[in-house]
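Before any comments, here is the structure.
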Amino acid sequence: EMIDSTENGLKNPKLAGIFNFAHAETIIPLVSFLEIGTSNVSSNKPEEILKNWNASEVSPMGANIQWLIYSNGQDMLVKMLQNEKEVSFPIKTSTYPYYKWEEIKLYYQTKVEKIGFSKDSNLEKNIEILKTRF
């Protein structure tokens with residue numbers, strides 16, 4: 001959805017923004033999937049979990065993830081904010097905090113395809129895919 005809605009937004013010059021609203025239960029796995037900070041680091045030691053994963057920081061009341069789109073005249077650039085703070089995408093860039101949209105799109109499309117999701121899948125189908133793979 002984030003890839004498709006961003007792509008559609010880039011094609012519509014009159015569009016000022018795309019807004020989706022969710023609860024913490026949705027933001028938390030999304031932060032991990034987007035690989036923001038150390039949110040996708042796992043540990044078998046419970047005493048180390050807070051070092052990489054602090055729910056009150058990941059998803060406090062009013063949590064949000066924003067993709068802000070800019071143009072440098074050649075490329076569409078994206079800056080990501082988590083709870084109003086700049087955060088990195090899990091790809092290299094020489095223009096931090098800005099990343100080329102095409103590179104972001106390719107990275108996450110590849111990740112989604114590796115999991116086995118498709119644009120035609122729904123939540124129930126995705127849950128079944130996750131059950132069999134993880």
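How far CH2 of Trp67 is from OG1 of Thr6: 5.0 Å, rounded to the nearest 0.5 Å. Between the CD atom of Glu1 and the CG atom of Leu30 there is a distance of 11.0 Å, given to the nearest 0.5 Å.
Using a 4.5 Å heavy-atom threshold, the side chains of Lys114 and Thr110 count as touching. Residues Tyr99 and Tyr107 have side chains not in contact (no heavy-atom distance under 4.5 Å, counting atoms from C-beta outward). The side-chain heavy atoms of Ile36 and Phe89, taken from C-beta on, include no pair separated by under 4.5 Å. Side chains of Tyr108 and Met2 form no contact here, defined as non-hydrogen atoms less than 4.5 Å apart.
In terms of the salt bridge (charged side-chain N to carboxylate O under 4.0 Å, His left out) criterion, residue partners of Glu102 (sequence neighbours excluded) are, by chain and number, Lys105. By the side chain to side chain donor-acceptor pair (under 3.5 Å) test, Glu84 is found to be paired with Asn64, Gln66, residues two or more places apart in sequence or in another chain being considered.
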Determine, step by step, whether Lys100 and Ile91 satisfy the side chain to side chain contact (heavy atoms under 4.5 Å, CB included) criterion, reporting the C-alpha distance in whole Å, the side-chain angles of both residues, the deciding distance to 0.1 Å, and the verdict. CA-CA 10 Å; Lys100 291 181 180 179; Ile91 58 177; over 6 Å; no
Side chain to side chain contact (heavy atoms under 4.5 Å, CB included) between Val58 and Gln82, intermediate numbers included: CA-CA 8 Å; Val58 172; Gln82 177 194 15; 4.1 Å; yes
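The two residues Glu35 and Pro90 have their closest heavy-atom pair at OE1-CB, 3.7 Å. Closest non-hydrogen pair, Ser71 versus Gly73, comes out as OG-N, 3.0 Å. A pairwise comparison of heavy atoms in Ala63 and Asn83 identifies CA-OD1, 3.1 Å as the closest pair.
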Donor-acceptor contacts, no H, no angles, side chain residues 11-19, under 3.5 Å, sequence neighbours left out:
residue: Asn12; atom: OD1; partner: Lys14; partner atom: N; Å: 3.1

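By the criterion of side-chain heavy atoms lying less than 4.5 angstrom apart, applied directly or through intervening Ile, Leu, Val, Met, Phe, Trp or Tyr residues, Leu106 is not grouped with Leu10; the two fall into different hydrophobic clusters.
Residue pairs meeting the side chain to side chain donor-acceptor pair (under 3.5 Å) criterion with at least one partner in residues 86-95, sequence neighbours excluded, are Lys79-Glu86, Thr93-Thr95.
Chaining together hydrophobic side chains whose heavy atoms lie under 4.5 Å apart places Leu77 alongside Leu68, Tyr70, Leu81, Tyr98. Other residues sharing the hydrophobic cluster of Leu50, ordered by chain and number and joined by side-chain separations under 4.5 Å: none, the residue standing alone.
Within a 6.0 Å sphere centred on CD of Glu47, heavy atoms belonging to other residues, nucleotides or ligands number more than 12.
Judged by distance alone, the side chain of Ser59 and the main-chain N or O of Ile27 form no donor-acceptor pair under 3.5 Å.
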